[in-house]
Amino acid sequence: MGFDKEKIIRDFPILNREIKPGKRLVYLDSTATSQKPEVVIEAMNDYYRLYNANIHRGVHTLAEEATAMYEQSRVKVQKFINARSHKEIVFTRNATEAINLVAFTWGRQNLDAGDVVVLTEMEHHSNLVPWQMLAAEKNLRLEFIPVTENGELDLLELPALLNLKPKLFCFTHMSNVLGTINPAKELISNAHKAGAVVLVDGAQSVPHFAVDVVDLDADFYVFSAHKMLGPTGIGVLYGKENLLNNMPPFLGGGDMIKKVQLRTFKPNDLPHKFEAGTPAIAEAIGLGAAVDYLAAIGMDHVLAHEKELTAYGLEKIAPLEHLKIFGKDITNKGGVIAFEMDIAHPHDVAQILDMQGVAVRAGHHCAMPLHEKFHIPATTRASFYIYNTKEDIDKLVEGLQIVIDMFG
Amino acid sequence: MGFDKEKIIRDFPILNREIKPGKRLVYLDSTATSQKPEVVIEAMNDYYRLYNANIHRGVHTLAEEATAMYEQSRVKVQKFINARSHKEIVFTRNATEAINLVAFTWGRQNLDAGDVVVLTEMEHHSNLVPWQMLAAEKNLRLEFIPVTENGELDLLELPALLNLKPKLFCFTHMSNVLGTINPAKELISNAHKAGAVVLVDGAQSVPHFAVDVVDLDADFYVFSAHKMLGPTGIGVLYGKENLLNNMPPFLGGGDMIKKVQLRTFKPNDLPHKFEAGTPAIAEAIGLGAAVDYLAAIGMDHVLAHEKELTAYGLEKIAPLEHLKIFGKDITNKGGVIAFEMDIAHPHDVAQILDMQGVAVRAGHHCAMPLHEKFHIPATTRASFYIYNTKEDIDKLVEGLQIVIDMFG
Amino acid sequence: MDDFYRELIVERYKNPVYKGELDPHDFSYEDENPLCGDHIHIDVRVDEDNKVTEAAFSGHGCAISQASADLLLESIIGKSLEEVKHFSKEDVLDLLGIELGPVRLKCALLSLKVLKAGIYGVGELDEDLV
Amino acid sequence: MDDFYRELIVERYKNPVYKGELDPHDFSYEDENPLCGDHIHIDVRVDEDNKVTEAAFSGHGCAISQASADLLLESIIGKSLEEVKHFSKEDVLDLLGIELGPVRLKCALLSLKVLKAGIYGVGELDEDLV
Ligand SMILES: Cc1ncc(COP(=O)(O)O)c(C=O)c1O
Ligand SMILES: Cc1ncc(COP(=O)(O)O)c(C=O)c1O
């Protein structure tokens, strides 16, 4: 369908919401979670109203329809990120669980005392804490690519870190605070040369630009549906088939088994081996609809639209007094602008913006170490997606002017 | 609202579905997953259409509304099972994940080589495999309460098993195949006297009768929303506060932390400590609506209705030729009838019933060891819930007569 | 009555033509579908040109799995092993003359899976290869 | 303008009356809200009847947390510690004169939490106790 701005806005019922009398919602918090188009909501309603059933083991019509739709969503996701096989797509609750799954299975199996894991200083807590927990259990050594003053990975440090022969390298494809889009392909290729397995946190990339896991040659790639127009309650772990095949199962229970006796079990084939219990069926179907919607627009259009908004936003916000943009000059920046104001705390900024109907996020954005590094406890963050417009940014700037008038 | 049969049926849009021309859906597979009333579907739609946002960290209106609704659902669940505090209610993906959570945290922390874990022969795979995995890792000894010919727990064996001083005892409150409702309170009290911690699999009990975790004195109690009129993608772990407090966290990531530095983190308070990453927000809200709906009907009415249907079903099915009911004479039986036919495989039975619009399940129902014990590879299972009627059972019997005519 | 359980399937299930065992045989194989307990064992005899001369199956399971085994063996008599290797999912469905959902498909294809695994002499055949 | 950021709050945030440190003091305590980095330290002096004679806070954070600390300290001067123990969430909200969502509530209540923890002499106070 291409990028039809007006149609897109009509597709999101929530954008009609009045936040305060006369103040329509201006949603600038898509990095936390995106809004959902009506087609995604309706895909799940259809499941619940027309063919709700448990999957995989049922012979009756509803069960067969539900199974087919669930598995079709898997194939849609596979195609969307260009994976080689549907067996490489494991449904999890969210990106966080996907990372933990790798830590609990591949990590426990392959990492031993003294092994080095390389991360970066710009990681989201979800790509830090699982490795800290594993490091504590196994006595691993965690090392970090620093972030430059500018807000980019300091790649000059990379060779030294790779020289430590890390077994694993985990990094975010795009920072959820700075907006930095990291050079994933180059990072992966260097890490592979050093012998590391690579996990990419794609929570902020898959929603916003085209991702090809084969071209990137990522070993593991994770993301969440709720940030890409899909429902809450479902995320994705992509893993290369041979890696997934050699990993032990994660959670035990129904569906992940082939055969069970009282004291032993035989795990199921991929991808079911990693999906224990009744999965998020409606949610998988919703994610399938979200993928269809994004694919119809075209991820290149999505990215172009966000780049345009980001450029416009930076231009409009930069001149404001008392305001400093976090990561302003990043070369390759996605649709995220975080900033501090020396006169007002981010919570106050966010609340005053909310009174204008403008929804932004304030806090550490689950990236405390990054904030600590720059000695800022919290920032205010505005982020953009397909349904945002330049008028939204104008509203943001008006709101910031009110903050300045009040606290300045 | 009490038990208004006609209103209840109107509340479930799927019951209007025609499975084959002229064959309306007769849904007898609620043990696998229940259907959802319109109010549950609409509660989730309202979230997505009116106040969709990520929770806990947001200051803007949508985030505050979403957080309030999410946490209100937790309180609804707390009240529904009469837990002492909302801190004792942890949202998981499903009952299966809840059991695994306990195995990975409490289990890993408290069980050591040689320790005994007592289970039963009627457990669902989800309450077997996690313990098998832990037993393999830790060298635990798994012991099982046998099932009698009749389909009940052989409680004569209990004292000998408790004499082994098990550290943990896990059992299902109600069998998803036989329908046996186990004497949970008595089992728990005996196990406590022997010094065991007790986990109850409530996947089939919470949907069908009143459960009071304090009266039962269960240490852990788990269930799934999708079997109790709620959505897929969310389940519940109830745990006593002091147990949960002393357990290490499970998955690492956003929301489960209080503070994160590059190499260390401090876990959050209960219940957030166990909820890593963006949770199933819409699903929690849907579960809250399901709990409201069940509470308005009254769980005693729900149970009475199901007992009536089960008695009627047993009476109508028993005389059929070539058919043997699995667990017919169970003293305290919930709304589940599983059976074998000596002339036709359960898959054929289910498929022929499906041609009449009657949805039943065929297979091992994730209870292979139970089937193995009785030397039957698979059974056909019909199960009842609030929206079923005696006419549904008549349709089932008509369908079974067709099977007999065809294969007899 | 319903075209699904075509008379042919019920008939072949009740009175299979190729049920039995062959001893000696040139190869044999067996497998099961743990989901429903279907179990199929197949024995095959071939001539010097590797053409199937005789085949028999034993085991138990649903009407679909048993009838499809019976129909499959009937259709391979006289064919070369090379030809049998090219038998596909669609060929089996054509024999049965019905459409099947994903769960029942596994029942229908069990015999083909067993047969091919026997021919290739492999342990367990990936489902995708059928 | 908007009644939320009542003039009072912005005024007290910009020009707090009770900001500072007391040395010596009878007790002091501090805590933070890691979510937003709010940090409050409170020093209190009491007389022989355990009535608060002087109080001061230091730290940093949002307008709500700072203004509520300032207003809270103002309102406890002259009160006995027993009375201060009975200060509730509602009392603080009354001082601020606004309604708050769950996240901002934590900002507003941080000073009360610190104050009570200081009085009780405990390590970290359960949020429920505030
Ligand atoms: C007794 C019992 N326990 C556990 C489960 C697992 O529930 P879920 O698949 O929702 O995790 C089920 C569901 O089939 C069940 O019937
Ligand atoms: C970069 C990044 N990684 C991981 C996550 C975690 O996603 P989820 O909470 O859906 O698991 C997020 C979401 O905030 C993120 O922005």
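The choice from A:N127, A:L15, A:I14 that makes the most heavy-atom pairs within less than 4.5 Å of chain B is A:I14. The candidate with the highest count of non-hydrogen atom pairs below 4.5 Å against chain A, out of B:A280, B:P346, B:A103, B:A284, is B:A280. Ranked by heavy-atom pairs shorter than 4.5 Å toward chain B, the options A:H365, A:E42, A:E97 are led by A:E97. Chain A forms more heavy-atom pairs under 4.5 Å with one residue of B:A276, B:A203, B:G363 than with any other, namely B:A276. Listed options A:F104, A:F12, A:Y47 were ranked by heavy-atom pairs under 4.5 angstrom with chain B; first place goes to A:F104. Each of B:E372, B:H226, B:H124, B:M44 has some count of heavy-atom pairs under 4.5 Å with chain A, and the biggest count is that of B:H226. Among the candidates A:V358, A:T96, A:L119, A:N100, the residue making the largest number of heavy-atom pairs closer than 4.5 Å to chain B is A:N100. Interface check for chain B: of the options A:I99, A:V360, A:N16, the most heavy-atom pairs under 4.5 Å are formed by A:V360.
Neither the backbone nor the side chain of A:E18 comes within less than 4.5 Å of any heavy atom in chain B. At a 4.5 Å heavy-atom cutoff, the contact between A:Y27 and chain B is made by side-chain atoms alone. Interface remark: B:L128 contributes side-chain atoms only to the contact with chain A (heavy atom separation under 4.5 Å). With a 4.5 Å cut-off on non-hydrogen atoms, B:V40 does not touch chain A at all. Both the backbone and the side chain of A:Y51 come within contact range of chain B, each with at least one heavy atom under 4.5 Å from a heavy atom of that chain. With a threshold of 4.5 angstrom between heavy atoms, A:S224 does not approach chain B through any atom at all. For B:F250, the parts lying near chain A are the backbone and the side chain together; criterion is any non-hydrogen pair under 4.5 Å. Proximity to chain B (any heavy atom under 4.5 Å) is shown, for A:H347, by both the backbone and the side chain. Of the two parts of B:L28, neither the backbone nor the side chain holds a non-hydrogen atom closer than 4.5 Å to a non-hydrogen atom of chain A. At a 4.5 Å heavy-atom cutoff, the contact between A:T264 and chain B is made by backbone atoms alone. In this structure, chain A has heavy atoms under 4.5 Å from both the backbone and the side chain of B:A359. Heavy-atom distances place the side chain of A:L25, and not its backbone, under 4.5 Å from chain B. Both the backbone and the side chain of A:A32 come within less than 4.5 Å of a heavy atom of chain B. Looking at A:I257, the atoms closer than 4.5 Å to chain B (heavy atoms on both sides) all sit in the side chain, from C-beta outward. Only the side chain of A:R108 has a heavy atom closer than 4.5 Å to any heavy atom of chain B. If you measure heavy-atom distances from B:P231 to chain A, the contacts under 4.5 Å come from both the backbone and the side chain. For A:E123, no part lies under 4.5 angstrom from a heavy atom of chain B.
Between B:V260 and A:V129 the shortest side-chain heavy-atom distance falls below 4.5 Å. Residues B:I41 and A:N45 meet the side-chain proximity criterion, which asks for heavy atoms closer than 4.5 Å. Side-chain contact between A:Q261 and B:Q132 is absent, with no heavy-atom pair separated by less than 4.5 Å. A 4.5 Å side-chain heavy-atom check between B:E64 and A:D354 finds every atom pair outside the cut-off. When side chains are defined from C-beta on, A:T232 counts as touching B:E283, because their heavy atoms get closer than 4.5 Å.
Considering CD1 of A:I19 and NE2 of B:H60, their distance stands at 8.5 Å, rounded to 0.5 Å. How far CG of A:L62 is from CD of B:Q35: 6.5 Å, rounded to the nearest 0.5 Å. Separating the CG atom in B:N52 from the OG1 atom in A:T33 is a distance of 5.5 Å, to the nearest 0.5 Å. Atom NZ of residue A:K266 and atom CE of residue B:M368 lie 10.0 Å apart, to the nearest 0.5 angstrom. To the nearest 0.5 angstrom, B:K20 atom NZ is 4.0 Å from A:T61 atom OG1. A distance of 9.0 Å separates CG of A:L142 from CG of B:L262, quoted to the nearest 0.5 Å.
Between A:C366 and B:G254, the shortest heavy-atom contact is SG-CA, 4.0 Å. When all heavy atoms are compared, the tightest approach of A:V59 to B:A350 is CB-CB, 4.1 Å. Heavy atoms only, all atoms of each residue included: B:R93 and A:T92 are closest at NH1-C, 3.8 Å. Contact record, A:P13 with B:R49: CG-CG, 3.8 Å, taken as the closest heavy-atom pair. The nearest pair of heavy atoms linking B:G253 to A:P130 is N-CD, 4.4 Å.
With respect to the salt-bridge test (charged N to carboxylate O, under 4.0 angstrom), the residues B:R17 and A:E65 qualify.
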Q: With side-chain contact (heavy atoms from CB on, under 4.5 Å) as the test, would you mind laying out the steps for B:R361 and A:N54 before giving the verdict?
A: CA-CA 10 Å; B:R361 194 132 295 229; A:N54 212 327; 4.1 Å; yes

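Counting non-hydrogen atoms of neighbouring residues, nucleotides and ligands closer than 6.0 angstrom, the NZ atom of A:K373 exceeds 12 such neighbours.
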